[in-house]
2 protein chains.
Amino acid sequence: MDLWIDAEADEAPRIPLSRRRVLRAAVAIADRDGLDALTMRRVAQELGVEAMSLYHHVANKEAVLDGVVEVILGEIFQAVEQAGSPAPGDDWRGALRTRILTAREVFLRHRWAPQVLTSRTTTSTAVVAYYDGVVGILRAGGFSFDLAHRALHVLGSRALGFAQELFDPGAAATEDSAAMAEQMAEHFPNLAGMLAAHDDPDGTLGFCDDRFEFEFALDLILDGLDRRRTGS
Amino acid sequence: MDLWIDAEADEAPRIPLSRRRVLRAAVAIADRDGLDALTMRRVAQELGVEAMSLYHHVANKEAVLDGVVEVILGEIFQAVEQAGSPAPGDDWRGALRTRILTAREVFLRHRWAPQVLTSRTTTSTAVVAYYDGVVGILRAGGFSFDLAHRALHVLGSRALGFAQELFDPGAAATEDSAAMAEQMAEHFPNLAGMLAAHDDPDGTLGFCDDRFEFEFALDLILDGLDRRRTGS
DNA sequence: ACCTGAACACCGTTCAAGT
DNA sequence: ACCTGAACACCGTTCAAGT
């Protein structure tokens, strides 16, 4: 009997709990089952531990969410580092564009992350550090501090690589279509026209190419900032 | 005894519960005590009723939140209507700018509303109707359907009058300052410079003028869209 | 020092019962 | 038809107790 118990203990040697392990488990759960599944009890279960044990390593659930933000920004910094320093010929536009699109990749891996980021009431140090880098790029490109400041406001969350869309024309059209299209045409003639004008062979699939739309918006903003910078 | 009971009944005559009353109560609670206070039980209490009674008028809490979005958009439509039709000389830019700034007023009254709007997984009809109006303005201004579509993506939630800011330079500086400023200068030199360069007599108060920043960003985007439209 | 069991005060929601 | 009481299956979190 003692042997059997020892064997089991060997099979699953207890790795000590730590803040880091708690946060990584939290991210794993959100990735797998969504943000609603991210509960203290579920994190504990993932770690083979009782829920109350978590409180020795994090103050409370809010602290877990703050920590999750740190993890996500850690991934962004890592991705930025891997992408390497900007090509020598790169102006501020190219450098900022690349950084933002690199950061965006991380949010594509963690679709729930924007919601967590925007729910935080205090700005985490990691986010501050990221924005410091953005301002650094702008300054190197000849921006005044004032214009750099405004640039942060214009970019908003897009500086980190995501934008919140409140309305997805593609989604509206995926509902089963015939009667729906008529309703649309009657009540929302402009949107109906927009959908009709887009002659996608599949009907509506791929109407919104996320990457294309994101880059279009980003470039429009970078254009605008450059104009403000040069005063043209 | 019967008299006393009757008297009390008269004091608080039972207005029948309705979907509308449930939603208005929900908005009132969020306005007063924030989004976390918006629970089914709390809504019921606000209406002098048991929590379970609500389920005769709304399917569940998600339906309440969907309904709250309708209420908010109702306020926006009302504000837009009150603002009246655009001045005759107004181009699409002026018309859209006015509409967006009008909508923005509603979100200033309901600071919690953006969080609810962005949390919805399906786009409510009211939001679709609002965006139909935006596309209408763009079309009247000479936008192709394709460019109008992209304009919606560029504007994102800004079309409805709010932007999510992940980083508020002003907030960082309100922390008690001396030692903090040193830390900033060491780890975040670019942001530190940005804060230092802004020679606000009060130190940091009013560093970010919400309205100014919002309009600056909006105008930059409208400029960019106009350039794309005319191909200049 | 680290983990746990039981408990508390909340959630959203179901169901059978009341009027 | 509309409302309710009691209950269920969850939350986050506290506390005293275990090792």
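Computation of the quantities below employed the complete heavy-atom set of this structure, encompassing side-chain atoms and omitting hydrogens, waters and symmetry-equivalent molecules. So you know, we letter chains A, B, ... as the sequences are listed, proteins then strands, and number each from 1. Nothing here was measured: the structure is a model prediction, and the numbers come from that model.
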Partner of D:dT14 by Watson-Crick or G-U wobble geometry, both contacts under 3.5 Å, or none? C:dA6

Taking any strand in view, what nucleotide pairs with D:dT19 in a Watson-Crick or G-U wobble way, both distances under 3.5 Å? C:dA1

Find out whether B:Val135 and B:Asp132 are in side-chain contact, i.e. whether some heavy atom of one side chain is under 4.5 Å from a heavy atom of the other. no

Any side-chain heavy-atom pair of B:Glu75 and B:His110 under 4.5 Å: yes

Looking only at side-chain atoms of [X], point me to the closest of [options].
X: A:Arg41; options: C:dT13, D:dG12, D:dC3; answer: D:dG12
X: A:Ser53; options: C:dC11, D:dT4, C:dC3; answer: C:dC3
X: B:Leu17; options: D:dT13, C:dG12, D:dC3; answer: D:dC3
X: A:Met40; options: C:dT4, C:dT14, D:dG12; answer: D:dG12

Atom pair OG1/CG of A:Thr123 and A:Leu117 - distance to nearest 0.5 Å: 10.0 Å

Rounded to whole Å, please give me the gap between [atom1] in [X] and [atom2] in [N].
X: B:Leu54; N: C:dC11; atom1: CG; atom2: P; answer: 13 Å
X: B:Glu50; N: D:dC2; atom1: CD; atom2: C1'; answer: 14 Å
X: B:Arg19; N: D:dA1; atom1: CZ; atom2: P; answer: 20 Å
X: B:Asp36; N: D:dG12; atom1: CG; atom2: P; answer: 13 Å
X: A:Asn60; N: D:dT14; atom1: CG; atom2: C1'; answer: 13 Å
X: B:Leu38; N: C:dC11; atom1: CG; atom2: C1'; answer: 13 Å
X: B:Met52; N: C:dG12; atom1: CE; atom2: C1'; answer: 9 Å
X: A:Glu62; N: D:dT13; atom1: CD; atom2: P; answer: 8 Å

Can a side chain N or O of B:His57 be found less than 4.0 Å away from OP1 or OP2 on D:dC3? yes

Check the phosphate of C:dT4 against A:His56, side-chain N and O only, distance under 4.0 Å to OP1 or OP2. Yes or no? no

For the side chain of A:Ser157 and the backbone of A:Phe162, is there at least one donor-acceptor N/O pair under 3.5 Å apart? yes

Is the ring pair A:Phe167/B:Tyr131 parallel, tilted or perpendicular, if the boundaries are 30 and 60 degrees? parallel

